[in-house]
Amino acid sequence: MTMGKALRLISSLAMVALADQAAAAGTGDPANGQRLFSRCSACHSIQGDNKSGPALNGVIDRKAAGVEGYDYSSALANSGITWTEDTLDKYLAGPTRLVRGTRMTISVSREQERADIIAYLKSLGRP
Ligand code: HEC
């Protein structure tokens with residue numbers, strides 16, 4: 001087995017372990033969140049680069065509009081929000097409801113899906 005394959009295997013095993021823990025705690029499932037993130041990846045990278053939306057790795061505990069070099073709406077820039085599980089949940093449920101004038105318009109209506117996506121974002125490293 002190559003090193004790359006071994007690392008992928010280890011990280012997928014870690015994902016499974018995380019998912020089991022999440023299920024036990026009754027919170028989000030990061031492995032499912034990773035699948036659901038396909039709805040986000042057209043606009044958001046998790047590798048620190050900005051697309052039409054800002055990079056989302058390290059978003060947990062970061063101030064809203066905190067990615068350097070990304071041209072945010074003034075609505076989000078002035079929102080005073082810090083991204084916690086709670087504020088992310090509200091933003092994903094209805095971005096323009098939480099931040100009037102934000103340019104993100106995609107929402108995730110199912111609570112469990114939001115929890116899964118947030119668990120996935122939590123599992124990512126910082127840029
Ligand atoms: C069609 C493009 C698009 C899609 C799809 C999209 N977003 Fe966004 N998102 C944006 C844009 C544009 C912004 C910046 C909003 C602003 O400046 O007001 C943003 C901002 C955000 C922010 C705030 C980031 C920060 O640095 O403050 C989060 C969190 C976020 N999006 C999460 C998601 C998630 C999770 C998904 C998938 C469920 C998603 N987005 C899907 C375009 C998108």
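Order of listing sets the numbers, starting from 1, for every ligand and every atom in it.
- When heavy-atom distances to ligand 1 are checked against 4.0 Å, the residues falling inside are Arg39, Cys40, Cys43, His44, Ser52, Gly53, Pro54, Leu56, Ala64, Ala65, Tyr70, Tyr72, Ser73, Leu76, Trp83, Leu88, Tyr91, Leu92, Thr102, Arg103, Met104, Ile106, Val108, Ile117, ordered by chain and number.
- Identified under the salt bridge (Lys or Arg N to Asp or Glu O under 4.0 Å) test for residues 39-59, with sequence neighbours left out: Arg39-Glu113.
- Counting only residues at least two apart or in different chains, side chain to side chain donor-acceptor pair (under 3.5 Å) contacts with residues 96-107 comprise Tyr91-Thr102.
- Checked by atom type and distance alone, the side chain of Asp116 never pairs as donor or acceptor with a backbone atom of Asn32 at under 3.5 Å.
- Closest non-hydrogen pair, Ser79 versus Ala64, comes out as OG-CB, 3.7 Å.
- Counted by atom type alone, Ser38 and Ser41 present zero donor-acceptor pairs between their side chains at under 3.5 Å.
- Residues passing the side chain to side chain donor-acceptor pair (under 3.5 Å) test with Thr82: none are found, sequence neighbours excluded.
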